[in-house]
Amino acid sequence: MNLFMEIKKSIIKISFCLVFLTSILSFQTKKEEVLILSYSAIDCPCAQWKIENQKNTKNIYLERANNKILDANKIWDGKTLPLKLRVKGYFKKDLGIPRNFSTKGNPKPGKVFLYTKIEEIK
């Protein structure tokens, strides 16, 4: 009985270590990218950034990595188009809605690009 309990404890510890290592490795292997994006001025509670020079027709959401970075979703003045940005960051693993995303209606989950650098292209 004691041997069985020791084996069970060891399996639990090994499982915990594997989960921990997997989460560390997945965090460290995020592929950082630089994207050129155009703002799609569409009236919907949805993703409004289109990746230029890609055949993918689905728009993406943008989320800033921290509050010290310019919020891409507040740049557009409501009139001037095109609005283009160069952003550096990575795609989140799962579909979702960015933190602090505000809109009228119920947004649908989509690809979220978490950016660490942003620059408006004129």
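Just so it is clear, the structure is predicted and the values come from calculations on it, not from any experiment.
- Looking only at side-chain heavy atoms (C-beta outward), Glu32 and Lys88 come within less than 4.5 Å of each other.
- Cluster membership check: Tyr115 shares its hydrophobic cluster with Ile51, using side-chain heavy-atom separations under 4.5 Å among Ile, Leu, Val, Met, Phe, Trp and Tyr.
- In this structure, the separation between SG on Cys46 and CG on Asn106 is 12.5 Å, given to the nearest 0.5 Å.
- Identified under the salt bridge (Lys or Arg N to Asp or Glu O under 4.0 Å) test for residues 59-68, with sequence neighbours left out: Glu63-Lys92, Glu63-Arg99.
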Stepwise, does the side-chain contact (heavy atoms from CB on, under 4.5 Å) test hold for Ile118 with Asp71? CA-CA 9 Å; Ile118 182 170; Asp71 187 347; over 6 Å; no

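- The same ILVMFWY cluster, assembled from side-chain heavy atoms under 4.5 Å apart, contains both Ile60 and Leu81.
- Side-chain contact between Thr116 and Asn66 is absent, with no heavy atoms from C-beta onward closer than 4.5 Å.
- Taking CD1 from Ile69 and CG from Leu62, the interatomic distance works out to 11.5 Å, rounded to the nearest 0.5 Å.
- The environment of Asp77 atom CG is dense: over 12 non-hydrogen atoms of other residues, nucleotides or ligands sit within 6.0 angstrom.
- Geometrically, Lys31 does not engage Tyr90 in a cation-pi contact, judged by NZ or CZ lying under 6.0 Å from the ring centre and within 45° of the ring axis.
- Between Trp76 and Ala41, the closest heavy-atom pair is CH2-CB, 3.6 Å.
- Shown here are the side-chain hydrogen bond (donor to acceptor under 3.5 Å, both in side chains) partners of Lys84, two or more places apart in sequence or in another chain: Glu52.
- Connection of Val87 to Ile75 is established within a shared hydrophobic cluster, with ILVMFWY side chains joined at heavy-atom distances below 4.5 Å, either directly or through further cluster members.
- The closest side-chain heavy-atom distance from Ser40 to Trp49 is not below 4.5 Å.
- Panel note: side chain Glu120, backbone Leu83; no donor-acceptor pair is recorded below 3.5 Å.
- Side-chain contact check for Ile42 versus Gln48: some heavy-atom pair is nearer than 4.5 Å.
- When the side chains of ILVMFWY residues are joined at heavy-atom separations under 4.5 Å, either directly or via intervening members, Tyr39 and Tyr61 end up in two distinct hydrophobic clusters.
- The cluster map of Ile, Leu, Val, Met, Phe, Trp and Tyr, joined by side-chain heavy atoms under 4.5 Å apart, puts Leu85 and Phe113 in the same cluster.
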